[in-house]
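Here is the structure we will look at, set down as structure tokens.
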Amino acid sequence: MVRFRLYANKDEETAYLNEMAARGYAMTGFFAGFYSFEKCRPGEFIYQVDITEGWFRVSSDYREFMQEMGVEIICPWGMWVILRKKAAEGSFVLYTDVESGIEHYTKIKKMFKTATMLELICLIMEIALAGSTTDKATIAMALAFISLVGAIVIVFLREIARVNGILAQLRERAGQESPGNRCGKSNVSLLLSLGLTLNGIGYLIPTGSTLYAAVRGILHGLAIVFMGLGIISTLWKRED
Amino acid sequence: MEKQTPLTEALFYILLSVRKPNHGYGIIQEVQELTDGRVVLGPGTLYGAMQTMTARGWIRIYSEETDSRKKKEYIITETGRKVFAEEKRRLEELLRNAERMEEGTW
């Protein structure tokens, strides 16, 4: 069985994998958002998601260590690695004290910050490209990328805000000064991201036939509605 | 050099558990026994701590078995013992001063 999911939030991803395992579906593979599952006894495995030191790989140290702990490495993907352990062998929590929790979420925050910076650089380059040409196809392509990258940036910024909230709570538990808010909610609405995504997809649809033009029109229409709602909701929250 | 004490509870008990050669799973078990099950180290926490302490030269690899069932054993170094002794002095001071609390109650 294959399911498509996009998670930026590793805690939600972990919860999803454990919920599937509880229902008798053990996750065995991942590729670009596609999770593959095999049947298992309900609750046979406990899943955890860790951040790696490498890119699409874990060090041999890490691999050996986890093996010794009875932890199975399902697959590294990007900066993440999905792990599981047989529930019969006892509880499976990766980070059990405040200090290592802070370290873990600091790494996650750093990764999202770097990724956001790279996305912003892409965004600027695409905007420059769109401004420097009169070729309609190139402009459409650039607008598509700008919208999609913009959508990703919003998701990442929200994730950074969430991680900041977790870090502030952990620091408070450790008795450290915690600047920044503990609510961990970004003001920027996810609707804005959804609108941008639809807008981007709209630009990717080729011009020509009336059918395409109609689909494109619907997508852009929906995009405007969602972006409008997103902006309203963002400003609304700001006033609270 | 960055400030190394106070040690976190995890670092303190891990250092104690590698006074004799010990491997990852053995460390978790020993820490659990020493604290009557209060401190149970998660694999992520232990891995991070071992990496940090190896980098700082507090512990080192004692043996690495070459057969397929690899079990790395770790042992405390001289530096590690020094850090631990310093922490012990700090804890003794805390405990000594804690006794003063009794003076106020009669």
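In what follows, chains carry the letters A, B, and so on, assigned in the order in which the sequence lines appear, proteins first and then strands, with residues in each chain numbered from 1. No experiment lies behind these values; they were computed from the predicted model shown. Just so it is clear, the values below take in all heavy atoms, side chains as well, and ignore hydrogens, waters and symmetry mates.
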Option that, when pairs with chain B are counted at under 4.5 Å, heavy atom only, ranks first among A:Leu94, A:Val93, A:Leu83, A:Asp61: A:Leu94

Checking A:Lys85 side chain against A:Phe92 main chain: does a donor-acceptor pair fall under 3.5 Å? no

With a 4.5 angstrom heavy-atom cut-off, could you sort out which part of B:Ile28 is near chain A: side chain, backbone, both or neither? side chain

Bottom line for A:Asp50: the part with an atom under 4.5 Å from chain B's heavy atoms is neither

Should we count CD of B:Glu78 as having more than 12 external heavy atoms under 6.0 Å? no

Which bit of B:Glu9 comes within less than 4.5 Å of chain A, counting heavy atoms only: side chain, backbone, both or neither? neither

B:Arg19 atom CZ, over 12 foreign heavy atoms within 6.0 Å: yes

Do you know which of B:Leu46, B:Thr52, B:Val39 has the most heavy-atom pairs under 4.5 Å to chain A? B:Leu46

Is the cationic atom of A:Arg3 (NZ for Lys, CZ for Arg) positioned less than 6.0 Å from the six-membered ring centroid of A:Tyr35 and within 45 degrees of its normal? no

What part of A:Phe65 gets within 4.5 angstrom of chain B, counting heavy atoms only: side chain, backbone, both, or neither? side chain

Ring geometry between A:Tyr16 and A:Tyr7 (parallel below 30°, tilted from 30 to 60°, perpendicular above 60°): tilted

